[in-house]
Amino acid sequence: MITLQVSRYRPGQDAEPVFQDYEVPLRSDWAVLDGLAHIKDHLDGTLSFRWSCRMGICGSCGMTVNGEPRLTCGTFLTDYGEGPIRVEPLRGFPVIRDLVVDIDDVLAKLAHVKPWLIREGEELPLTAEYTQTPAQLEAYKQYSMCINCMLCYSACPVYALEPDFLGPAAIALAQRYNLDSRDQGDRFDLLATDEGVWGCTFVGECTSACPKHVDPAEAIQRYKLTAALTSVRNLLPWGRS
Amino acid sequence: MTALPSYRPRVHPLWWARRRAYLVFVLRELTSVFVAWSAAYLVLLARAALAGDAEYAEFRAFAGSPWVVALNVVALAATAFHSVTFLNLAPRAMVVRLDGWRVPGFLIAGGNHSAWLAVSALVAYLVLRS
Ligand code: SF4
Ligand code: FES
């Protein structure tokens, strides 16, 4: 058996989160999420947490495990020796109940960066294909692997201190489209702002936390370079478009 | 849409001490004060050197006082820390491709460090030559 120290917050009952200990079987094939499911099914049906795919795809099971932002379906009980294992909601977000956090703010930010292919001028007929070479695909593929798990936001101290900061995943998502050869959009006014890339102080923890190797810190620094070059070009009399 | 009732955790004032990466980041930010001091010191030195022998002698007396020497020793260490950590981060902002091959980060960082050493050696040679 291993002890899970689970953060509980029941609105109307708890003024602030409190820890509750549960003993769960220590099985080598059990992830932290399996331990939580065991609690819910056999020990305490009132415990609330989010999950869906159980295979690192849906991005809904992010929590703070022993202080680190982790996908609980991919974090195994046996990684923590004898335990105990402390399970808390993702840091940096308002807690709705127990391990469930309010992610509306990040969802709005993701939508804010115009995450779709923007085309200008005449459209090809719907039956036409927009072909890409493998190199063109490679240019943005890494940024398209994001599963919106929000671990990067939880690891980012800037987001915790400045809630208006657009944040790692939203900027990586913008770069996913900026670097796509089919996209003709201009996201400069959205990204080259104090709340956008210039809000980032390059702590780099978003990249360490990311379970999908998206490397949002790299996306942000690369856009800083793009934004700086664009700003200089706009200052030059012959550079303005 | 009505906001859900929720618990909003406050950021702990010592949040930067919680993780090594946060601490390194805060140190990198703080050491930029010493980088600014080093730049200002260099401007003062150049101004004194251009202004004539009297001013230059005065500056040398100022530069030799124990507190300025102590400050500059600390500034040298802080500036070196700032430069090394800054150059180590550079590969993250630069994606260099050579004929489709993405140059790995350690080569970009290594190139930056080598260039830094080469420029420092050149400056040291020019200054110490006389
Ligand atoms: S960038 Fe990585 S850590 Fe951030 S939401 Fe996407 S998959 Fe999660
Ligand atoms: S449950 Fe889907 S990512 Fe963990």
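Within every chain, numbering begins at 1; the chains are lettered A, B, ... in the order of the sequence lines, protein sequences first and strands thereafter.
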Notebook entry, point to check: Side chain, backbone, both or neither: which part of A:E16 has an atom under 4.5 Å from a heavy atom of chain B?
Noted result: both
Notebook entry, point to check: What's the shortest heavy-atom distance between B:Y22 and A:C156, and which atoms?
Noted result: OH-N, 4.5 Å
Check: Do you know the tightest heavy-atom contact between A:V203 and B:A21?
Finding: CG1-O, 4.3 Å
Margin query: Tell me if the CD atom of A:E162 is crowded by more than 12 foreign heavy atoms within 6.0 Å.
Written below: no
Notebook entry, point to check: Got a sec: does the CD of A:E138 have more than 12 other heavy atoms crowding it under 6.0 Å?
Noted result: no
Note to self: Is A:R91 close to chain B through its backbone or its side chain, or both, or neither, when contacts mean heavy atoms under 4.5 Å?
What the structure shows: side chain
Item checked: Heavy atoms of other groups near B:D53 CG, more than 12 under 6.0 Å -> no
Notebook entry, point to check: Which region of B:Y7, side chain (C-beta onward) or backbone (N, CA, C, O), has a non-hydrogen atom less than 4.5 Å from a non-hydrogen atom of chain A, or is it both or neither?
Noted result: both
Notebook entry, point to check: Can you say whether A:T201 sits under 4.5 Å from chain B via the side chain, the backbone, both, or neither, judging by heavy atoms?
Noted result: both
Notebook entry, point to check: More than 12 foreign heavy atoms under 6.0 Å from OH of A:Y130: is that the case here?
Noted result: yes
Checklist line | Residue part contacting chain B, namely of A:Y223, when any heavy atom lies under 4.5 Å | finding: neither
Item checked: Contacting moiety of A:A15, where chain B heavy atoms sit under 4.5 Å -> backbone
Notebook entry, point to check: Around B:Y56, counting heavy atoms of other residues, nucleotides and ligands shown, do more than 12 lie under 6.0 Å from its OH?
Noted result: no
Note to self: So which residue, A:L225, A:D215, A:T226, ends up with the most heavy-atom pairs under 4.5 Å with chain B?
What the structure shows: A:D215
Checklist line | Nearest atoms (heavy-atom pairs only) where B:P9 meets A:P94 | finding: CD-CA, 4.3 Å
Margin query: Counting only heavy atoms from other residues, nucleotides and ligands, does the tally under 6.0 Å from CZ of A:R10 exceed 12?
Written below: yes
Margin query: Is it the case that over 12 heavy atoms from other parts of the model lie below 6.0 angstrom from the NZ atom of A:K114?
Written below: no
Next item on the list: For residues B:R19 and A:P69, report the shortest heavy-atom separation together with the two atoms involved.
Entry: NH1-CD, 4.2 Å
Note to self: I need the minimum non-hydrogen distance between A:F202 and B:R28, along with the two atoms involved.
What the structure shows: O-NH2, 2.7 Å
Checklist line | Atom CD of B:E55: over 12 foreign heavy atoms under 6.0 Å | finding: yes
Check: Could you state the interatomic distance from OG (B:S6) to OH (A:Y9), rounded to the nearest 0.5 Å?
Finding: 7.0 Å
Next item on the list: Grab the two heavy atoms, one from B:V11 and one from A:A160, that are nearest each other, plus how far apart they are.
Entry: CG2-O, 3.6 Å
Notebook entry, point to check: Taking atom CZ of B:R20 and atom CD of A:E205, what is their separation to the nearest 0.5 Å?
Noted result: 10.0 Å
